[in-house]
Each structure stands twice: as C-alpha cells, then as structure tokens.
Amino acid sequence: MPHNVIIQTYPQLLELYGPRGWWPLSACNGYHPNDYSFPKTASQRFEICVGAILTQNTAWTSVETALDNLSQLHALTPAALLACDDQVLKTAIRSTGYYNQKSAYLKTMAAFFHDCKARTPTREELLQLRGVGEETADSILLYAYQQPFFVIDAYTRRVFTHLGVNEGKESYRVVQKRFHDALEPLYQGQERILVYQEYHALIVEHAKRNHSGKQKQ
DNA sequence: AACCAGGACGTGA
DNA sequence: TCACGTCATGGT
C-alpha cells in the first residue's frame, strides 16, 4: 500500500536526520529546527517568496548569494523590489541563473504581493503569476503562509519512485493527492502544517545524501 | 568536461 | 495531455 509507505517514511526520516527547520531565513542565520514560529514578519514572508522563485532548478547556495545581494540593496520588500532598476536586479540575482526570466518573475510577484498586502493568496492566484508553477506555489503557501499543501519536487518524485510509490511519470497533482490522502487522516490543524513542512525538508535532505539515486530504506 | 541543482514556459504533436 | 527545447550560473 503506497499510503503506508508515505505514512511510515516520515518518522523514519525524522529519526534519521532530526528536524530540518525549513524554510531557511537570513533573519535566523538560515535554518531553525524545532522552531515553527517563522516567518515572523511580512519581510520574512516575502523573502520566502523571492527564494522560491530564485531556487528554481538552482542550488540553494546560489540563492543565498542572491538574497544577500538583495538584502544589501534593501530590495526584500515588494515596494523596494518594484523600484529596483532591472539591470541592478539582474546583477544581484545573477548567481541563480535564468536572471532575465527570474528578474521579470520577481517584479510580477512583487506587484502581486504589494496589492495583496497581508492577505493570504489563493493557490489559483499564485498559479496565474508568470514564473509560479505548482511547486513554487505550494512552497509559498506551505512555508510562507502555513497552508496545508504538500510540496512535490524532483527529489520527492525520485525517492518515492525508488520506494515503489510512484512510476515516476505521474502528474504533479496525482502525486500530491497521494501524500494528502495518506497524511490528512493522521494529522490535523497546525500539526499537519508542521508535518508537511518537515517531511518535505527531510525528503530533500535524504535525496541529497544519496544523490546517485540508490537510497533504499 | 559533462552533469546537475529545492522548475516554468512555449511549442507542436 | 505529453514530450521536448529553452532559459544560465556555479559547483563537482
């Protein structure tokens, strides 16, 4: 039963690696294991949204460099990023690659959150933004807005294909529904958020340590 | 020196 | 829907 594998792998990974403390934020110098009170400010929330765009198909170390540059430019608020010169913005995020696309994506998102203010965006609203696909939307919803959407990324697909849960070619929503259906009965409310956040982070940790693709467990 | 990294989008079957 | 090319830098 695929659901049992999904259910049982979480405590195993948690035992193996311990809490990961995602999403990394510059305010707490990166990760914050066992502290689920983040983000604490609108600025930190926006930093997560920016990071979610910048990390697309890109190593997180490259994103840290870019976020550092943006922070020094004081551009980590919607209004400030909107006012940022395009060339300056591209130079700041250069390390993350795709800087022509990503600079435009960031401005689109900045405009959206500038209008959105403190309101929690819907998944549909996020998906309408250029540069925000399903994974990025769910990352923003789960880590910036504490909404129960399990993030399905390349690591998740790889790990659970090896565990026999997937074939590997299923659509995003099919894979996500398997996680939701398996985990929803066990975890409710704030605990569900916590588990979705930790589980995804643990999957990434596990996949990174077995990057040749031969994890068993 | 290929190959991959916490994907999304446009296009043509 | 689905497969494929494109976008681009940085580390191994």
Side-chain angles (χ1 to χ4, degrees), chain A residues 9-10 13 17 19-26 30-33 38-39 47-70 86-110 112 121 123-145 149-162 166-177 179 195-215:
Chain A
T9 300
Y10 173 59
L13 291 179
Y17 305 123
R20 303 286 77 207
W22 274 34
W23 186 282
L25 283 165
S26 56
Y31 300 89
H32 43 91
F38 292 97
E47 181 182 326
I48 293 174
C49 300
V50 171
I53 293 282
L54 294 181
T55 197
Q56 290 170 2
N57 203 35
T58 302
W60 184 254
T61 52
S62 300
V63 178
E64 287 180 315
T65 302
L67 287 174
D68 240 33
N69 295 336
L70 292 174
D86 280 340
Q87 269 315 317
V88 172
L89 180 55
K90 289 179 183 179
T91 301
I93 67 172
R94 178 180 172 281
S95 61
T96 68
Y98 312 112
Y99 50 81
N100 290 306
Q101 295 180 349
K102 285 178 176 175
S103 59
Y105 295 165
L106 288 182
K107 288 217 167 181
T108 300
M109 175 176 298
F112 174 74
R123 192 172 194 266
E124 289 68 30
E125 286 174 328
L126 291 174
L127 288 175
Q128 284 177 343
L129 304 175
R130 300 263 189 204
V132 179
E134 297 191 277
E135 180 184 339
T136 302
D138 289 336
S139 293
I140 290 171
L141 289 166
L142 180 62
Y143 290 106
Y145 289 93
F149 294 91
F150 202 94
V151 177
I152 307 299
D153 60 4
Y155 287 146
T156 308
R157 290 175 179 280
R158 187 184 312 168
V159 170
F160 285 86
T161 297
H162 281 276
N166 307 325
E167 288 279 330
K169 53 176 171 42
E170 296 92 338
S171 68
Y172 186 99
R173 68 161 178 274
V174 167
V175 179
Q176 185 184 51
K177 180 167 167 49
F179 279 83
V195 169
Y196 282 13
Q197 291 182 342
E198 275 302 346
Y199 201 173
H200 174 244
L202 285 164
I203 290 166
V204 173
E205 181 66 26
H206 185 66
K208 278 182 172 174
R209 296 196 188 197
N210 303 284
H211 68 73
S212 57
K214 282 195 281 294
Q215 71 281 348

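Numbers restart at 1 for each chain; the letters A, B, ... are given by sequence-line order, proteins then strands.
- Distance noted for atom P between B/dG6 and C/dT12: 12 Å (whole Å).
- With contacts defined as side-chain heavy-atom distances shorter than 4.5 Å, the pair A/T65/A/D68 does not qualify.
- By the 5.5 Å and 30° criteria, A/W60 is stacked with the base of B/dG6.
- Just one residue in the list A/Y17, A/Y10, A/Y155, A/W22 forms a ring pair (Phe, Tyr, Trp, His ring centres under 6.0 Å) with A/Y199, and that residue is A/Y10.
- Taking 3.5 Å as the limit, the base of B/dG6 and the side chain of A/Y31 contain a donor-acceptor pair of atoms between them.
- Defined by atom type and a distance below 3.5 Å, a donor-acceptor pair is present between the side-chain atoms of A/T156 and A/D153.
- Screening A/Y31, A/F38, A/W60 for a ring pair (Phe, Tyr, Trp, His ring centres under 6.0 Å) involving A/W23 leaves a single residue, A/W60.
- The residue among A/K208 and A/Y105 whose nearest nucleotide of DNA chain B lies closer to the 5′ end is A/K208.
- Rounding to whole angstrom units, CG of residue A/D138 and C1' of B/dG7 are separated by 13 Å.
- In this structure, NE2 of A/H200 is placed 8 Å from P of B/dG7, rounded to the nearest angstrom.
- Checked against B/dG10, B/dG7, B/dC9, the side chain of A/A154 finds its nearest nucleotide in B/dG7.
- The aromatic ring of A/W22 sits over the base of B/dG6, with ring centres less than 5.5 Å apart and planes tilted by under 30°.
- Put simply, CG on A/L54 is 14 Å from C1' on B/dA8, counting in whole angstrom units.
- In this structure, A/V132 reaches the sugar-phosphate backbone alone: every heavy-atom distance under 4.0 Å involves primed, P, OP1 or OP2 atoms, never a base.
- Within 4.0 Å of A/T136, counting heavy atoms only, lie sugar-phosphate atoms of the nucleic acid but no base atom.
- Ion pair A/E134/A/R123 flagged as a salt bridge, since at least one NZ, NE, NH1 or NH2 atom sits closer than 4.0 Å to an Asp/Glu carboxylate oxygen.
- Using atom P as the reference point in both C/dA8 and B/dG10, the two lie 14 Å apart (nearest Å).
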- Apply side chain to side chain contact (heavy atoms under 4.5 Å, CB included) to the pair A/T96 and A/T55, showing each step before the final yes or no. CA-CA 7 Å; A/T96 68; A/T55 197; over 6 Å; no
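- Using a 4.0 Å heavy-atom distance criterion, A/L129 is classed as a sugar-phosphate-only contact.
- Atom CG of A/L127 is separated from atom P of B/dG7 by 16 Å (rounded to the nearest Å).
- The side chain of A/R158 lies closest to B/dA5, out of B/dG7, B/dA5, B/dG6.
- Atom CD of A/Q101 and atom P of B/dG10 are 9 Å apart (whole Å).
- Residue-level contact check: A/K102 touches neither bases nor backbone, having no heavy atom under 4.0 Å from any strand.
- Regarding A/Q56, its CD atom lies at a distance of 8 Å from the P atom of B/dC9, rounded to whole Å.
- Checked options A/V151, A/I152, A/V159, A/T9; the residue passing with A/I203 is A/V159 (criterion: side chain to side chain contact (heavy atoms under 4.5 Å, CB included)).
- A/F179 has its ring centre less than 6.0 Å from the ring centre of A/F160.
- The nearest whole Å value for the distance from the CD atom in A/E198 to the P atom in B/dG6 is 17 Å.
- Using a 4.0 Å heavy-atom distance criterion, A/E135 is classed as a sugar-phosphate-only contact.
- Atom-to-atom, CZ of A/R157 to C1' of B/dG6 comes out at 14 Å; the value is rounded to the nearest Å.
- Contacts between chain A and DNA chain C, taken as any atom within less than 4.0 angstrom of a protein heavy atom, begin and end at C/dT1 to C/dG10.
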